[in-house]
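Every chain is numbered from 1, with letters handed out A, B, ... down the list of sequences.
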Number of protein chains: 2
Amino acid sequence: MEQASRLAGTVRPGGRTARVRAAVLEATQDILVEYGFHGLTMDQVAARAGVGKTTVYRRWGSTPGLVADLMKELANQSSPHADTGDVERDLLANAVSVWEAVTDGRLGATLQAVIAAGTCDEEAADALRVFFTRRIDEWATVVDLAVKRGELPEGTDGGELIRAISAPLYYRLVVTREPVTRGDAERSVSRGLAAARAGAFVPDP
Amino acid sequence: MEQASRLAGTVRPGGRTARVRAAVLEATQDILVEYGFHGLTMDQVAARAGVGKTTVYRRWGSTPGLVADLMKELANQSSPHADTGDVERDLLANAVSVWEAVTDGRLGATLQAVIAAGTCDEEAADALRVFFTRRIDEWATVVDLAVKRGELPEGTDGGELIRAISAPLYYRLVVTREPVTRGDAERSVSRGLAAARAGAFVPDP
DNA sequence: CTACTAACGGGATGGGAGTCCCGTTAGGCG
DNA sequence: CGCCTAACGGGACTCCCATCCCGTTAGTAG
């Protein structure tokens with residue numbers, strides 16, 4: 001038994017354990033939507049989930065831990081990227097999905113909460129990094145395909161282009177706190193695409 | 001005396017009151033750098049500032065209130081924008097100043113804290129909006145001048161270009177949590193500029 | 001220089017969140 | 001189908017933070 005069972009919920013992940021996790025994560029998200037990360041407490045989570053307070057502490061340790069786990073859960077629900085054979089349409093699909101996520105009351109609030117948690121907790125920061133870099137890599141493939149089709153210059157950095165297109169939307173969401181519209185998503189795509197066609201996403205030798 | 005003195009510190013703003021504010025805001029920033037917004041409490045601020053706890057509550061009300069006031073203070077220290085007569089150089093100066101702010105231990109941590117506070121408090125959110133839209137407007141003038149000089153297409157939206165250049169840096173800082181380098185700032189400028197030259201920042205009719 | 005009062009400070013109070021102990025429940029193997 | 005123990009739950013305990021009351025200090029008008 002040396003150093004086993006460091007993490008509760010790993011030996012008997014079935015049945016009750018899984019139900020508890022689902023209830024806790026849902027309660028966490030509810031509270032995040034309603035009060036934001038700052039208003040999230042272990043106490044409330046346990047109460048709303050109908051679960052013992054001890055359980056929440058044992059399995060998640062802290063509120064950033066809860067948020068990090070929630071992020072991991074959302075990562076698993078991540079929908080696959082589009083691939084229509086037309087870069088502009090693919091990139092627009094990406095931008096629109098970001099816009100929808102950011103605009104959606106539940107998902108948008110959750111994203112903001114995770115971002116807030118990331119500023120003060122390493123585990124939450126890791127969860128963010130993993131979630132987004134993975135998503136970026138997935139979408140970068142549509143750029144790679146476009147390069148192969150000759151729609152964009154050879155050597156165009158797909159990940160950077162995806163980042164450049166998403167960035168202004170998140171920037172508006174959390175930094176300048178301006179409303180984010182579908183038009184912003186569309187403009188972001190056309191700007192990124194214009195720069196890409198000009199070869200601005202091809203790394204210098 | 002009707003409804004006067006709603007805000008303490010407005011009738012006798014000299015001497016002690018000013019010293020208290022300076023001490024409190026500095027203590028606030030210290031704690032933000034060390035523990036992040038989540039670890040900021042009125043108690044600690046008062047203790048570190050060497051000030052009565054009651055005073056902090058009376059004048060700022062809550063931790064988001066402290067952060068919002070700190071943001072306003074930083075806004076007043078905002079340095080004026082460059083204007084060298086060359087768009088690329090001006091925009092690079094802007095991007096580099098963002099990079100420096102974001103990279104600087106004290107200022108970077110403070111920015112992240114304010115962003116975190118903005119996710120759960122309307123006053124902090126307002127402070128953010130005001131701070132950034134003002135900064136964006138200031139820098140947008142260098143774009144307007146470049147348009148007048150014929151360096152960029154007629155009708156180019158300066159504010160949007162400034163946003164597009166800053167966004168990827170903040171995106172890396174708080175969303176994907178990747179390291180932000182000077183190279184990122186440089187690339188962001190050349191990409192924004194490429195799109196601008198292609199007319200992607202000219203609004204459709 | 002003096003009076004008036006804005007603004008500050010100390011300290012008591014209450015409540016809520018984090019931690020711990022131990023009894024109870026139920027998943028999973030034989 | 002029954003045992004073993006992983007995992008959960010209740011409740012007591014502690015500590016820290018928000019709030020409040022009232023006495024003290026020091027700007028500022030005259």
Student: Less than 4.0 angstrom between a side-chain N/O of A/Tyr57 and OP1 or OP2 of C/dT19, yes or no?
Tutor: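 False: A/Tyr57 side-chain N/O out of range (4.0 Å or more) of C/dT19 OP1/OP2.
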Student: Quick test: give all pairs of protein nitrogen or oxygen and nucleotides 1-3 of chain C nitrogen or oxygen below 3.5 Å, distance rounded to 0.1 Å.
Tutor:
none

Student: Is any side-chain N of the basic residue among B/Asp126 and B/Arg129 closer than 4.0 Å to the acidic one's carboxylate O?
Tutor: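 Yes, B/Asp126 and B/Arg129 are salt-bridged.
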Student: Considering only D/dC8, C/dG18, D/dA26, which nucleotide approaches the side chain of B/Arg16 most closely?
Tutor: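 Nearest to the side-chain atoms of B/Arg16, counting from C-beta on, is D/dA26.
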Student: Spell out protein contact along nucleotides 11-16 of chain D as letters: B when the base is contacted, S when just the sugar-phosphate is, - when no protein heavy atom is under 4.0 Å; keep the 5' to 3' order.
Tutor: BB----
Student: In this structure, how many angstroms lie between the P atom of C/dG10 and the CZ atom of B/Arg58, rounded?
Tutor: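 Taking atom P of C/dG10 as the reference, CZ of B/Arg58 is at 12 Å.
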Student: By side-chain hydrogen bond (donor to acceptor under 3.5 Å, both in side chains), which residues pair with B/Asp104, not counting sequence neighbours?
Tutor: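 For B/Asp104 there are no side-chain hydrogen bond (donor to acceptor under 3.5 Å, both in side chains) partners, ignoring immediate neighbours.
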Student: With ring centroids as reference points, do B/Phe132 and B/Tyr170 lie under 6.0 angstrom apart?
Tutor: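 Ring-ring flag for B/Phe132/B/Tyr170: true, centres closer than 6.0 Å.
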Student: About how many Å separate CG of A/Leu66 and OH of A/Tyr57, when rounded to the nearest 0.5 Å?
Tutor: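 A/Tyr57 OH to A/Leu66 CG: 9.5 Å, rounded to 0.5 Å.
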Student: Rounding to 10°, can you tell me the angle the first-five-pair axis of the helix from C/dC1-D/dG30 to C/dG30-D/dC1 makes with its last-five-pair axis?
Tutor: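 Computed from the C1' atoms at both ends, the axes differ by 50°.
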Student: Need to verify one output field. Residue with the more 5' nearest nucleotide on DNA chain C, A/Met42 or B/Thr55?
Tutor: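 With A/Met42 and B/Thr55 compared, the 5'-side residue is B/Thr55.
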Student: Show your working on side chain to side chain contact (heavy atoms under 4.5 Å, CB included) between A/Arg135 and A/Ser97 and close with a plain yes or no.
Tutor: CA-CA 12 Å; A/Arg135 244 185 116 81; A/Ser97 88; 3.4 Å; yes
Student: What pairs with A/Phe201 under ring pair (Phe, Tyr, Trp, His ring centres under 6.0 Å), at least two apart in sequence or on another chain?
Tutor: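 Partners of A/Phe201 by the ring pair (Phe, Tyr, Trp, His ring centres under 6.0 Å) criterion come out as none, since no residue qualifies.
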Student: To the side chain of B/Val20, which of D/dC8, C/dG27, C/dC8 is closest?
Tutor: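 When the side chain of B/Val20 is considered, C/dC8 is the closest of D/dC8, C/dG27, C/dC8.
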Student: Report the distance from atom CZ of B/Arg21 to atom P of D/dG27, rounded to the nearest whole Å.
Tutor: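 In whole Å, D/dG27 P lies 17 Å from B/Arg21 CZ.
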Student: Return the 5'-most residue of the pair A/Gly61, B/Gly50 with respect to DNA chain C, ranking by each residue's nearest nucleotide.
Tutor: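 Its nearest nucleotide lies further toward 5', so the answer is B/Gly50.
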Student: Any side-chain N or O of B/Arg19 below 4.0 angstrom from OP1/OP2 of D/dG27?
Tutor: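 Yes, B/Arg19 has a side-chain N/O under 4.0 Å of OP1/OP2 on D/dG27.
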Student: Strictly below 4.0 Å, N to O, side chains only: are B/Arg172 and A/Glu160 in salt-bridge contact?
Tutor: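 Looking at B/Arg172 and A/Glu160, the cut-off is met.
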Student: State, with a plain yes or no, whether a side-chain heavy atom of B/Arg48 is found less than 4.5 Å away from one of B/Asp30.
Tutor: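 B/Arg48 reaches B/Asp30 side chain to side chain.
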Student: Salt bridge or not for B/Asp69 and B/Arg59, using N-O below 4.0 Å?
Tutor: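 Looking at B/Asp69 and B/Arg59, the cut-off is not met.
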Student: Indicate whether OP1 or OP2 belonging to D/dC8 is found under 4.0 Å from a side-chain N or O atom of A/Arg59.
Tutor: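 It does, given that an N or O in the side chain of A/Arg59 lies less than 4.0 Å from OP1 or OP2 of D/dC8.
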Student: Short question: side chain of A/Arg177, backbone of B/Gly118 - any donor-acceptor pair under 3.5 Å?
Tutor: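 Here the side-chain-to-backbone pair exists.
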Student: Name the atoms and distances for all side-chain donor-acceptor pairs under 3.5 Å in residues 178-190 of chain A, with sequence neighbours left out.
Tutor:
| residue | atom | partner | partner atom | Å |
| --- | --- | --- | --- | --- |
| A/Glu178 | OE1 | A/Thr176 | OG1 | 2.6 |
| A/Glu178 | OE1 | B/Arg163 | NH1 | 2.8 |
| A/Glu178 | OE2 | B/Arg163 | NH1 | 2.5 |
| A/Thr181 | OG1 | A/Gly183 | N | 3.3 |
| A/Thr181 | OG1 | A/Asp184 | N | 3.1 |
| A/Thr181 | OG1 | A/Asp184 | OD2 | 3.1 |
| A/Arg182 | NE | A/Glu186 | OE2 | 3.1 |
| A/Asp184 | OD1 | A/Arg187 | NH2 | 3.0 |
| A/Asp184 | OD2 | A/Thr181 | N | 2.9 |
| A/Ser188 | OG | A/Ile165 | O | 2.7 |
| A/Ser190 | OG | A/Arg187 | O | 3.0 |

Student: Nearest-Å distance, CG (B/Leu40) to P (D/dC17)?
Tutor: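 After rounding, the gap between these two atoms is 11 Å.
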